[in-house]
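Before any comments, here is the structure.
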Amino acid sequence: MQGAARWFFTFAVLYAIVGMGLGLKMGITHVHDQIPTHAHIMLVGWVNSALMGFFYHLFPVVGASRLAYAHLLLQTAGTVVMTASLWLIYSGNTAFEAGAGIGSIGVLAGMALFAWIALRQIWKG
Ligand code: HEM
Ligand code: HEM
């Protein structure tokens, strides 16, 4: 893997380790207080980033572009802010709802940018 693909996949694996760790902690302690955090680290983190990594792996020229790196930055910032805020909220710090909102907008904006990058690519020609 090269370019943005390598970074997306590296972040995906890191999200998986953190998210599974959180799932295991809930399982061991029988305190299922962080289900939304775990679910979103696994899906918005691991699954989403891995799929985006695979896309850029299939289209390496696109994956090496500045736009792909801008997408990487936006998607990663959104995912980290969203999931960290969820963890804080479900630990009792409801003041972080704004953070979850901002992170979610970042995640959605990242997906919109990805739609522009990826759909243009697969429909051309
Ligand atoms: C080490 C591996 C994992 C452990 C120990 C673990 C543990 C847990 C636990 C304890 C719950 C709460 C269950 C409940 O109270 O109903 C949960 C829910 C969930 N997990 Fe995991 N999990 C693991 C891996 C994964 C993976 C790989 C994914 C997805 C890629 C995933 C996605 C979810 C989702 C979406 C929920 C919420 C389900 C719902 O809404 O009811 N988990 N997990
Ligand atoms: C902008 C991004 C997203 C936002 C703002 C968002 C928001 C939410 C909210 C508010 C809930 C309800 C939580 C609760 O009842 O406690 C939820 C649940 C859930 N979402 Fe998302 N979501 C996003 C992206 C995604 C994506 C991309 C996936 C899957 C690929 C996903 C999978 C789930 C699942 C499995 C649940 C149920 C988990 C649980 O039982 O707590 N979400 N989401």
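These numbers were taken from a predicted model, which means no experiment stands behind them. One-based numbering, in listed order, for ligands and for the atoms of each.
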(request) Locate the shortest heavy-atom distance separating A4 from Y69; write the atom from each residue and the value. (result) N-OH, 3.6 Å
(request) Tell me which protein heavy atom sits closest to atom 32 (C) of ligand 2, plus the residue, atom name and distance to 0.1 Å. (result) L43 CD1, 3.7 Å
(request) For atom 37 (C) of ligand 2, state whether the nearest protein heavy atom is under 4.0 Å away. (result) no
(request) Kindly give the heavy-atom pair with the smallest separation between M52 and M111, and that separation in Å. (result) CE-CE, 3.7 Å
(request) Could you check atom 5 (C) of ligand 2 against the protein and tell me its nearest heavy-atom contact, residue, atom and distance included? (result) S104 OG, 3.3 Å
(request) Could you grab the distance from atom CD1 of I105 to atom CG of L108, nearest 0.5 Å is fine? (result) 8.0 Å
(request) Would you verify that at least one protein heavy atom lies under 4.0 Å from atom 12 (C) of ligand 2, or report that none does? (result) no
(message) So for ligand 1, is W46 a polar contact partner (N or O within less than 3.5 Å, distance only)?
(response) no
(message) Closer than 4.0 Å and a protein heavy atom, does any atom meet both conditions relative to atom 9 (C) of ligand 2?
(response) no
(request) Run the numbers for me: atoms of ligand 2, each under 4.0 Å from some heavy atom of A39, listed by number. (result) 38 (C)
(request) Quick one: look up the protein heavy atom nearest atom 2 (C) of ligand 1 and list residue, atom name and how far away it is. (result) M20 CG, 3.6 Å
(request) Give the C-alpha distance, both sets of side-chain angles, the deciding distance and a yes or no for side chain to side chain contact (heavy atoms under 4.5 Å, CB included) between Y90 and T37. (result) CA-CA 8 Å; Y90 287 96; T37 314; 3.9 Å; yes
(request) Would you please say whether a donor-acceptor pair under 3.5 Å links the side chains of E97 and S85? (result) no
(request) Would you indicate whether Q2, at its atom CD, is surrounded by more than 12 heavy atoms from other residues, nucleotides or ligands within a distance under 6.0 Å? (result) no
(message) What verdict does the side chain to side chain contact (heavy atoms under 4.5 Å, CB included) test give for L43 and Y15, after you've listed the backbone C-alpha separation in whole Å, the side-chain angles of each residue and the deciding distance to 0.1 Å?
(response) CA-CA 9 Å; L43 295 168; Y15 298 134; over 6 Å; no
(request) Please write down residue, atom name and distance for the protein heavy atom closest to atom 27 (C) of ligand 1. (result) M42 CE, 3.4 Å
(request) On the 0 to 90° scale, with breaks at 30° and 60°, tag the Y56-F8 ring pair as parallel, tilted or perpendicular. (result) parallel
(request) Have a look at K25, H32, H38 and point out the one with the heavy atom closest to atom 14 (C) of ligand 1. (result) H32
(request) State whether any protein heavy atom lies less than 4.0 Å from atom 29 (C) of ligand 2. (result) yes
(message) Is a donor from one side chain sitting under 3.5 angstrom from an acceptor on the other, for H71 and Q75?
(response) yes
(request) Check whether any N or O atom of H40, backbone or side chain, sits under 3.5 Å from an N or O atom of ligand 2, and answer yes or no. (result) yes
(message) Just to confirm my output: which protein heavy-atom neighbour is closest to atom 16 (O) of ligand 2, and how far is it?
(response) Y90 OH, 3.4 Å
(request) Measure from NZ or CZ of R120 to the centre of the six-membered ring of W116 and say whether it is under 6.0 Å with the direction within 45° of the ring axis. (result) yes
(message) Pair V80, F11 - check side chain to side chain contact (heavy atoms under 4.5 Å, CB included), show working.
(response) CA-CA 10 Å; V80 171; F11 283 124; over 6 Å; no
(request) Distance to 0.1 Å, residue and atom name: give those for the protein heavy atom nearest to atom 39 (C) of ligand 2. (result) I35 CG2, 3.9 Å
(message) Measuring from atom 7 (C) of ligand 1, which candidate in A50, G45, G23, G27 has the nearest non-hydrogen atom?
(response) G23
(request) Please indicate, with yes or no, if any protein heavy atom is found under 4.0 Å from atom 41 (O) of ligand 1? (result) no
(message) Closer than 4.0 Å to some heavy atom of V44 - which atoms of ligand 2 meet that?
(response) 24 (C), 25 (C), 26 (C), 27 (C)
(request) List the closest protein heavy-atom neighbour of atom 4 (C) of ligand 2: residue, atom name, distance to the nearest 0.1 Å. (result) M82 CE, 3.7 Å
(request) Decide yes or no on side chain to side chain contact (heavy atoms under 4.5 Å, CB included) for H40 and T79, but give the supporting numbers first. (result) CA-CA 9 Å; H40 289 87; T79 303; over 6 Å; no
(message) I'd like to check which ligand 1 atoms, numbered from 1 as shown, lie under 4.0 Å from a non-hydrogen atom of L24.
(response) 5 (C)
